[in-house]
Amino acid sequence: MSKWKMLPRMAVKGVIQNGTVYYPYLMAGIFSAFTYFIFASILCNDLVATLPHSAYAWMLLLIGKGLLGIILIPFLFYANSFLIKRRTKEFGLYSILGLEKRHIGVLLFCETLLIYLAVISGGILLGTVLAKLFFLLLLKLSNLPVEAEFIFTWQAFAETILFFGFTFAINLVYCLIQVSKSKPVELFSGSRKGEKEPKLVWLYAALGVLVLGTGYAVSIRSQLDEMIFIDFFLAVFLVVAGTYLVFTSGSVLILRILKKNKKFYYQKENFITVSGMLYRMKKNAAGLANICIFSTMVVITLICTVALYGGLEQITHYNYPYDIMLDFASGNLSREQIEEDAGEIIDRNEKQAVRIDIFEVRSLSCRVNGNHADRPVSESRDNNTIYLLTLEDYNRIEGKDQTLSDGQILFYTNGPDLGFDTLDFLGIPLEIKEEPEEIFPYPKAGKGFFDLMYVMVVKDKEAFDLYAGEYAKANGVTDREGFLESTYQKAGILLEGEDALKQETVEDLIAWCKEQQGFFASYKDGLEGRSMLRTMYGGLLFIGILFGTVFFMCLLLIMYYKQISEGYEDRGSFEIMQKVGMSDHEIRRTIHKQILLVFFLPLTGAVLHTMAGMFMVNNLMSALQLFDSRLIVTCTAAVLFVFMVIYCISYLRTARTYYKIVN
């Protein structure tokens with residue numbers, strides 16, 4: 001049989017015989033293709049564009065698909081490098097037995113094609129079976145109509161085939177370059193080749209600590225402002241770079257120090273552990289850094305996903321506290337008439353109102369700095385909104401019995417309390433009698449927010465008109481009377497029950513408002529707004545679930561390959577140790593000590609990264625208008641606990657596999 005006819009058979013046999021390293025790679029590849037196919041199938045489905053509010057979910061999925069591609073290409077390349085490292089001795093033997101490099105190239109092509117076909121077939125088949133289930137999950141999380149039918153498109157098949165064809169082509173080119181550059185003897189000994197110690201270890205270790213510390217500082221000192229997302233990406237970049245430097249150089253420093261400690265180093269278990277890790281320090285450190293980074297990514301992704309899921313209702317009601325907010329021109333419809341007409345509509349629909357709040361409000365654009373409220377700066381982001389509210393309306397809304405004297409106000413903000421006793425309002429000194437804990441239509445964020453707003457509760461309608469008039473005068477408004485007349489009377493209605501059961505009542509209220517010719521100004525549909533937010537955040541939840549799973553798959557495969565490859569490398573060393581008298585019990589102790597070090601250094605790093613990153617995560621959640629810090633802390637503790645349990649189980653399984661290899 002000619003060499004050319006033999007090569008495809010050798011490719012199949014090579015994959016089967018190296019199943020220990022190839023089968024996990026195949027499973028990871030199939031899951032990667034499955035995930036990519038799910039994204040492509042949903043995005044290519046024309047039905048998604050026709051669903052109400054689906055534009056948010058569609059855009060998030062499109063971004064998620066792009067990020068997924070960015071993650072999968074280097075991950076599959078990284079995993080493929082483990083495979084080639086494991087096969088170099090075999091390729092060297094083929095060269096010695098007479099195969100030329102072009103034959104090995106064809107062999108690699110056949111193996112790559114075989115794995116590619118298996119990955120694509122398995123991923124698309126699994127995706128075809130489960131795509132509808134994931135589509136329904138997206139609809140459920142996004143509060144979209146779940147009766148919508150899912151339709152497969154050939155475009156999703158084509159995109160998946162092309163993307164993974166490109167990825168596997170990159171891997172094949174890398175393999176061919178590695179083989180073409182190496183001599184047969186180098187290939188034969190490549191899997192056992194040690195690594196030189198890196199130079200300037202102290203300098204790189206100090207630089208790593210500095211870069212990592214800077215990343216932590218960026219996260220801890222981040223503020224909830226327009227720079228939050230830039231700070232996030234900067235912190236991620238610094239932490240990733242610092243992690244690689246610290247693990248690469250810091251681990252070498254630690255191993256050198258341990259080696260110089262003769263009492264520690266010249267113990268059987270410690271000698272083998274330290275010398276083995278020094279032998280492959282660069283790759284070992286890179287593997288530890290990857291495990292640490294992917295562990296952090298898994299934990300942070302799951303924390304954000306779980307927190308968003310738990311706080312979704314808080315987010316929607318923060319933005320839309322009322323089911324319907326109606327605006328009327330002030331002074332035309334009395335509060336009693338609005339309350340009576342709205343009550344009749346609610347009763348006719350057999351609903352109950354949790355609250356009906358009717359109040360006059362005037363919004364003023366100002367620049368609040370400390371306890372000074374000045375004229376707004378043209379086109380400035382520093383401008384804030386101050387809402388004027390009378391004490392009578394405030395007491396009715398909050399069920400209070402507050403009193404105010406002339407020149408006194410209640411001053412409320414959705415951010416942190418100001419903590420001042422006075423307010424300089426456009427040059428008018430006012431005494432702040434109290435800062436209320438909450439005013440219902442303006443929920444408390446509790447921290448600095450992109451759009452801080454304020455409510456100034458004044459004594460009566462006379463004071464209301466006085467301060468509004470002073471604002472008009474300060475801003476050069478000539479028609480002072482017209483300015484005062486443009487004050488709106490608002491009616492906020494919150495009904496009892498689930499949003500889906502309130503729709504008809506809200507529609508009737510909107511229809512009634514539109515009949516009030518000359519009085520009705522506008523309305524804000526809270527049900528519609530909440531539905532849009534649920535769709536947007538539902539898309540985020542869906543992406544978080546899939547990405548968390550992908551990151552965890554990457555983590556497990558890196559951990560598995562690291563221990564498998566090092567197990568095969570260490571087997572010869574342990575065979576020698578057994579021959580010179582090392583017992584099975586001592587070998588087990590040595591293995592567990594080495595694996596403990598390999599596993600729990602990255603876990604410790606991941607926990608530290610997570611703790612530092614929670615300052616940033618807390619701000620990011622606030623940017624998404626989730627302000628419940630207690631919920632975020634609870635989610636963090638729960639996710640870390642579950643992750644550490646699964647991580648420890650992985651440690652036990654890996655230690656058992658590693659022991660079987662070296663024993």
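Because the structure is a prediction, the values reported are computed rather than measured. Counting begins at 1 with the first residue of the sequence.
When atom types are taken as modelled, the side chain of Arg362 and the backbone of Phe464 share no donor-acceptor pair closer than 3.5 angstrom. Although no hydrogens or angles enter the test, the distance criterion places a donor-acceptor pair under 3.5 Å between the side chain of Lys502 and the main chain of Gly497. A donor-acceptor pair under 3.5 Å is absent between the side-chain atoms of Ser531 and the main chain of Leu527, judged by distance alone. Side-chain atoms of Thr422 never come within 3.5 Å of backbone atoms of Glu431 as a donor-acceptor pair (strictly under, hydrogens ignored). Formation of a donor-acceptor pair under 3.5 Å by the Glu435 side chain with backbone atoms of Gly419 is found in this model. Proximity of a side-chain donor or acceptor of Gln408 to a complementary backbone N or O of Ser405 within less than 3.5 Å is detected. Side chain of Asn384 to main chain of Val368: a donor-acceptor pair is present (N/O by atom type, distance under 3.5 Å, no hydrogens or angles). Of the possible polar contacts, none joining the Asp327 side chain to the Ser522 backbone as a donor-acceptor pair under 3.5 Å is found. Of the possible donor and acceptor atoms, one in the side chain of Ser219 sits under 3.5 Å from a partner among the backbone N and O of Ala612.
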* Audit row: Ile38, Phe542, side chain to side chain contact (heavy atoms under 4.5 Å, CB included) steps and yes/no -> CA-CA 11 Å; Ile38 290 294; Phe542 182 79; 4.2 Å; yes
* Apply side chain to side chain contact (heavy atoms under 4.5 Å, CB included) to Ile71 and Phe551, showing your working. => CA-CA 9 Å; Ile71 293 166; Phe551 291 148; 3.3 Å; yes
* Can Leu404 and Val458 be said to form a side chain to side chain contact (heavy atoms under 4.5 Å, CB included), step by step? -> CA-CA 8 Å; Leu404 291 174; Val458 298; 5.7 Å; no
* Given the rule in the ring pair (Phe, Tyr, Trp, His ring centres under 6.0 Å) test, do Phe440 and Tyr322 qualify, once you have shown the distances and angles that lead to the verdict? -> CA-CA 9 Å; Phe440 179 78; Tyr322 293 112; 5.2 Å; yes
* **Derivation of the side chain to side chain contact (heavy atoms under 4.5 Å, CB included) call for Leu426 and Arg375** => CA-CA 7 Å; Leu426 301 173; Arg375 291 174 53 193; 4.2 Å; yes
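Using modelled atom types and a 3.5 Å distance limit, the side chains of Asp231 and Ser222 yield no donor-acceptor pair.
Comment: Asp357 does not engage Arg396 in a salt bridge, judged by the lack of any side-chain N to carboxylate O separation of less than 4.0 angstrom. Using a cutoff of 4.0 Å between basic side-chain nitrogens and carboxylate oxygens, Lys444 and Asp417 are scored as salt-bridged. Arg534 has a carboxylate O that lies under 4.0 Å from a charged side-chain N of Asp499, or vice versa, which qualifies the two as a salt bridge.
Side chains of Tyr318 and Leu626 form no contact here, defined as non-hydrogen atoms less than 4.5 Å apart. Taking the side chain as every heavy atom from C-beta outward, Thr316 and Tyr537 never approach each other to under 4.5 Å. Proximity of Thr296 to Val239: side-chain heavy atoms (C-beta onward) are nowhere separated by under 4.5 Å. Residues Tyr216 and His609 have side chains in contact (heavy-atom distance under 4.5 Å, counting atoms from C-beta outward). In this structure, Cys366 and Tyr471 have side chains that are in contact, with non-hydrogen atoms separated by less than 4.5 Å. Two residues are said to be in side-chain contact when any heavy atoms from C-beta on lie closer than 4.5 Å; Leu308 and Leu312 fail this criterion. Put simply, the side chain of Cys513 does not reach to within 4.5 Å of the side chain of Tyr523, judged on heavy atoms. Considering only heavy atoms from C-beta on, Tyr394 stays 4.5 Å or farther from Val455 through its side chain.
Closest non-hydrogen pair, Gly310 versus Leu631, comes out as C-CD2, 3.8 Å. Ser365 approaches Asn383 most closely through the heavy-atom pair OG-CB, 4.1 Å. The shortest non-hydrogen separation linking Leu391 to Thr403 is CD2-CA, 3.8 Å. Across all their heavy atoms, Gly605 and Cys292 have their closest contact at C-SG, 3.6 Å. A pairwise comparison of heavy atoms in Leu541 and Tyr309 identifies CD2-N, 3.5 Å as the closest pair. Nearest heavy-atom pair across Tyr387 and Ser363 is CE2-CB, 3.6 Å.
Rounding to the nearest 0.5 Å gives a distance of 10.0 Å between OG of Ser622 and CG of Asp628. Between the CE atom of Met532 and the CG atom of Asp525 there is a distance of 8.5 Å, given to the nearest 0.5 Å. Here the OH-CG distance, from Tyr320 to Leu494, works out to 15.0 Å after rounding to the nearest 0.5 Å. Rounding to the nearest 0.5 Å places CG of Leu418 at 8.0 Å from CG of Asn371. In this structure, CG in Leu509 is found 10.5 Å from CD in Glu507, a value given to the nearest 0.5 Å. If you take CG on Leu364 and CD on Glu470, they are separated by 12.0 Å, rounding to the nearest 0.5 Å.
More than 12 heavy atoms of other shown residues, nucleotides or ligands fall within 6.0 angstrom of atom CD in Glu313. No more than 12 heavy-atom neighbours from other residues, nucleotides or ligands sit within 6.0 angstrom of CD on Glu462. Dense packing is recorded around CD of Glu438, with more than 12 heavy atoms of other residues, nucleotides or ligands lying under 6.0 Å away. Dense packing is recorded around CG of Asp460, with more than 12 heavy atoms of other residues, nucleotides or ligands lying under 6.0 Å away. Heavy-atom neighbours of Arg355 CZ from other residues, nucleotides or ligands within 6.0 Å: above the threshold of 12. By the neighbour-count criterion of 12 heavy atoms within 6.0 Å, atom CZ of Phe237 is sparsely surrounded, having that number or fewer from other residues, nucleotides or ligands. Counting non-hydrogen atoms of other residues, nucleotides and ligands closer than 6.0 Å to OH of Tyr442 gives a total above 12.
Of the candidates Leu302, Leu555, Thr610, Phe643 forms a side chain to side chain contact (heavy atoms under 4.5 Å, CB included) with just one, namely Leu555.
Taking the six-membered ring for Trp and thresholds of 30 and 60 degrees, Tyr454 and Phe411 have nearly parallel ring planes, at less than 30 degrees apart.
Taking the six-membered ring for Trp and the full ring otherwise, Phe425 and His372 have centroids separated by 6.0 Å or more.
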